[in-house]
Amino acid sequence: MVRTRFAPSPTGYLHVGGARTALFNWLFTRKEGGKFILRIEDTDLERSTKEYEKLIMDALRWLGLEWDEGPDIGGEKGPYRQSERKKQGIYDEYARKLIEMKRAVYVVYDKQDSSKELFESLEYPEEYAQKGHDITVKFKMPKGERIVFHDLLKGQMSFMSDDLGDFIIMKSNGFPTYNFAVVVDDHLMEITHIFRGEDHLSNTPKQISIYKAFGWEVPQFMHIPLILGKDRSPLSKRHGATSVDHFRTEGYLPDGLLNYLALLGWKVEEGKEIFRISERIESFSLSDISNKSVIFDYEKLEWVNGKHLRSMEIERLCFEFRRYLDFIGMIELTELLDRDKLYTMEVLDICREKVNTMKQLLDISLPFFNDEYEYEEKYIEGYLKKDFAIPLLQEAIDMFDKNEDWTVEGCERVMRELASKNIASKKKTFQLIRGAILGKLVTPGLFISLSVLGKGRVLRRLSKTMDLAKSLS
RNA sequence: GCCCCCAUCGUCUAGCGGCCUAGGACACUGGCCUUUCAAGCCAGAGGCAGGGGUUCGAAUCCCCUUGGGGGCGCCA
């Protein structure tokens, strides 16, 4: 049975790199029919917070990367928070075992200068502890040993133990260090495959030494290349936002983000770069993952997202849009959308042709939902204040008032007839009406917009604009 | 300093000794469409890091150099 895990430390938001790691773990596990485990590595007391833990879990859930065992849902191998496991004495127990096996020692530090090691001991230095000396436990690396392992991506790896050196496994505050806690937990949780960032590659031989010391079976490793920024330095805030939450507030879809993350360093057949991740579980293969670090391309992400936005079933888009508004706290608008679901659907359907993200979708669709839309300055100056504005609007009101055919074709007929009256050029005529009914000069197609808005709204808006035009002259 | 990983258009990649005159996608440029802006369609520009080998033949195999990244924490 395949068992994998994603083990973030709650010291910040979920980073796109972390999301990508989680994605590969999840994908592999779902394909193999195994269990995907979420473990919270909160051994860094200073920086870990419950808030970040919640944010990370929310972000993973939003992406749809559901876990089978974890701190919130429990499971047989829990607890799933390292702080809780520490409380149960799990790490103490295994550290003690290593000391008994003479594979680890206590280290006593100078009281004044805690960076200075006084001595090592196999016995617990009780009296020094009483006197307030810092005491850690250090793992002793074997001497002159070649540590080899097979990385699923890198192939055969080989390190000399002497290059690595001894390292601390229990801190003086009683908490385990990362390299120790992962091994103990991965073993106890019966993890079979570890997919993680390449930054852990050099730590792996240390961890393998611990597995070997205990005589535990070593899991399979696969170290995934890191995501870099445009200048090839590690992706960070300098390059732009990196947290999943940011992309969520920017209006990216889970499908879009996931698709892009998969595409990053993933071999895809020509013409098949747009897909829903759930449709790719079956065909997922570890050998599709490239072994080269990759640069995060915000533009391609937006393109991928736009593809999803435009091609997904409209019902799902409505659902995602609503969820998005909830997320960014636009509750009033949500209520408005729910009032006329059919209208909402029609509006979003014509608006999505123009945009790539839901933030942009909100921008362009807002005037459809809100009769109190604002007029762009450019529209007022360039069209509404012109001489042709009032006569043209008057004519439009008359014609649309008489119009009974509100299909797209019907609206087109009216518009073309209006233009043929030569009150203004065709372009000016169309733009004046466009701005009159939506306040903007960039909108979905004019005929379809008129059709979707319908007679009531169009007439209301035309006369509202007429009032404004008159007040301006 | 020591150890490790990586190297094809600006970016993500195809390529695994002859199908390569190096293919696709994003971005870019031009065109078409057109009521705006997009989308869409068509076309174009753009790359095997460098040097040695191996071979009849190298983007592909080997070595070196260079460049980028990671690790060597009482961070994870």
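Heavy-atom basis, side chains included; hydrogens, waters and symmetry copies ignored. Lettering follows sequence order; numbering is per chain, from 1.
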Exercise. Could you give the distance from CZ (A:Phe159) to CD1 (A:Ile147), rounded to the nearest 0.5 Å?
Worked result: 9.0 Å
Exercise. Do other residues, nucleotides or ligands put more than 12 heavy atoms under 6.0 Å from the NZ atom of A:Lys171?
Worked result: yes
Problem set entry | Atom-pair distance (NZ on A:Lys428; P on B:U35), nearest Å | 16 Å
For this session: Write down the distance between NZ (A:Lys307) and C1' (B:A38), rounded to a whole number of angstrom.
Result: 13 Å
Exercise. Rounded to the nearest Å, what distance is computed from the CD1 atom of residue A:Ile135 to the P atom of nucleotide B:C74?
Worked result: 16 Å
Problem set entry | Options B:G40, B:U36, B:G69, nucleotide nearest the side-chain atoms of A:Thr443 | B:U36
Seminar exercise, completed: What residues 409-424 of chain A contributes to the RNA chain B interface at heavy-atom separation below 4.0 Å is A:Arg416
Problem set entry | Side-chain heavy-atom pair A:Val184, A:Pro176 within 4.5 angstrom cut-off | no
For this session: Could you state the atom-to-atom distance from CG of A:Asp134 to P of B:G73 in whole Å?
Result: 18 Å
Exercise. Which is true for A:Thr43 with a 4.0 Å heavy-atom rule: it touches a base, it touches only sugar-phosphate, or it touches nothing?
Worked result: sugar-phosphate
Problem set entry | Candidates B:A76, B:A25, B:U36 - which lies nearest the side chain of A:Val442 | B:U36
Problem set entry | P atoms of B:C26 and B:C42, separation to the nearest Å | 11 Å
For this session: Step through it carefully: locate the ring centre of A:Tyr178, locate the ring centre of A:His200, and say whether they are under 6.0 Å apart.
Result: yes
Problem set entry | Gap in Å between the two C1' atoms, one belonging to B:U54 and one to B:U11, rounded | 34 Å
Exercise. Hey, do the aromatic rings of A:Phe430 and A:Phe447 have their centres closer than 6.0 Å?
Worked result: yes
Problem set entry | Nearest to side-chain heavy atoms of A:Leu226, which nucleotide of B:U35, B:G69, B:A25 | B:G69
For this session: Identify whether any heavy atom of A:Gly306 sits under 4.0 Å from a base atom; if not, whether one sits that close to sugar-phosphate; answer base, sugar-phosphate or nothing.
Result: nothing
Exercise. Partner of B:C2 by Watson-Crick or G-U wobble geometry, both contacts under 3.5 Å, or none?
Worked result: B:G71
For this session: Tell me which nucleotide among B:G40, B:G69, B:A76 gets nearest to the side chain of A:Ser233.
Result: B:G69
Seminar exercise, completed: Distance col, row A:Arg352:CZ vs A:Leu348:CG, nearest 0.5 angstrom, shows 8.5 Å
Exercise. Mind checking who B:C28 pairs with, Watson-Crick or G-U wobble, both distances under 3.5 Å?
Worked result: B:G44
Exercise. Could you give the CZ-to-P distance, from A:Phe447 to B:U36, as a whole number of Å?
Worked result: 10 Å
Exercise. Expressed in whole Å, how much space separates the C1' atoms belonging to B:G69 and B:A22?
Worked result: 27 Å
For this session: Whole angstrom is fine here: how far is it from CE in A:Met141 over to P in B:C72?
Result: 13 Å
Exercise. Mind checking whether A:Phe180 and A:Phe175 have ring centres under 6.0 Å apart?
Worked result: no
Problem set entry | Main-chain N/O of A:Gly144 paired with A:Asp162 side-chain donor or acceptor, under 3.5 Å | yes
Problem set entry | Closest to the A:Lys354 side chain, choosing from B:G70, B:G40, B:A38 | B:A38
Exercise. Mind checking the C1' distance from B:A76 to B:G71? Whole angstroms is fine.
Worked result: 13 Å
Seminar exercise, completed: Once base and sugar-phosphate atoms are separated, protein heavy atoms under 4.0 Å mark nucleotides 1-12 of chain B, 5' to 3', with B, S and - as -SSSSSSS--SS
Exercise. To the nearest angstrom, how far is A:Tyr379 atom OH from B:C37 atom C1'?
Worked result: 17 Å
Problem set entry | P spacing across the pair B:C61 / B:A14, given as an integer number of angstrom | 13 Å
Exercise. On a whole-Å scale, what distance lies between the C1' atoms belonging to B:U8 and B:C16?
Worked result: 13 Å
Exercise. With the threshold set at 4.0 Å, does a side-chain nitrogen-carboxylate oxygen contact exist between A:Asp58 and A:Lys54?
Worked result: yes
Exercise. Considering only side-chain heavy atoms of A:Arg434, which listed nucleotide, B:U36, B:G71, B:G68, is closest?
Worked result: B:U36
Problem set entry | Separation between the P atoms of B:C12 and B:G53, rounded to whole Å | 32 Å
For this session: Please figure out whether A:Ile364 or A:Pro8 has its closest RNA chain B nucleotide nearer the 5' end.
Result: A:Ile364
Problem set entry | Within 6.0 Å of CD in A:Glu313, more than 12 heavy atoms from elsewhere | yes
Problem set entry | Expected output: side-chain A:Asn259 to main-chain A:Arg276 donor-acceptor under 3.5 Å | no
Problem set entry | Aromatic plane relationship, A:Tyr379 with A:Tyr375 - under 30° parallel, 30 to 60° tilted, over 60° perpendicular | parallel
Exercise. In residues 167-185 of chain A, which ones come under 4.0 Å of RNA chain B, going by heavy atoms?
Worked result: A:Ile168, A:Lys171, A:Ser172, A:Thr177, A:Tyr178
For this session: Quickly work out the A:Ile227 CD1 to B:G70 C1' distance and round it to whole Å.
Result: 15 Å
For this session: Using a heavy-atom cut-off of under 4.0 Å over every strand shown, decide if A:Lys206 touches base, sugar-phosphate, or nothing.
Result: sugar-phosphate
Exercise. Rounding to the closest angstrom, what is the interatomic distance between B:U60 and B:U55 at atom C1'?
Worked result: 13 Å
Problem set entry | Ring center gap for A:Phe195 and A:Trp26 short of 6.0 angstrom | no
Exercise. If you count the non-hydrogen atoms of other residues, nucleotides and ligands that lie under 6.0 Å from NZ in A:Lys386, is the total more than 12?
Worked result: no
For this session: Mind checking A:Glu41 for me? I need base, sugar-phosphate or nothing, with any heavy atom below 4.0 Å counting as a touch.
Result: sugar-phosphate
Problem set entry | Nucleotide forming a Watson-Crick or wobble pair with B:A38, both distances under 3.5 Å | none
For this session: Would you mind classifying the nucleic acid contact of A:His200 as base, sugar-phosphate or nothing, using non-hydrogen atoms under 4.0 angstrom?
Result: base
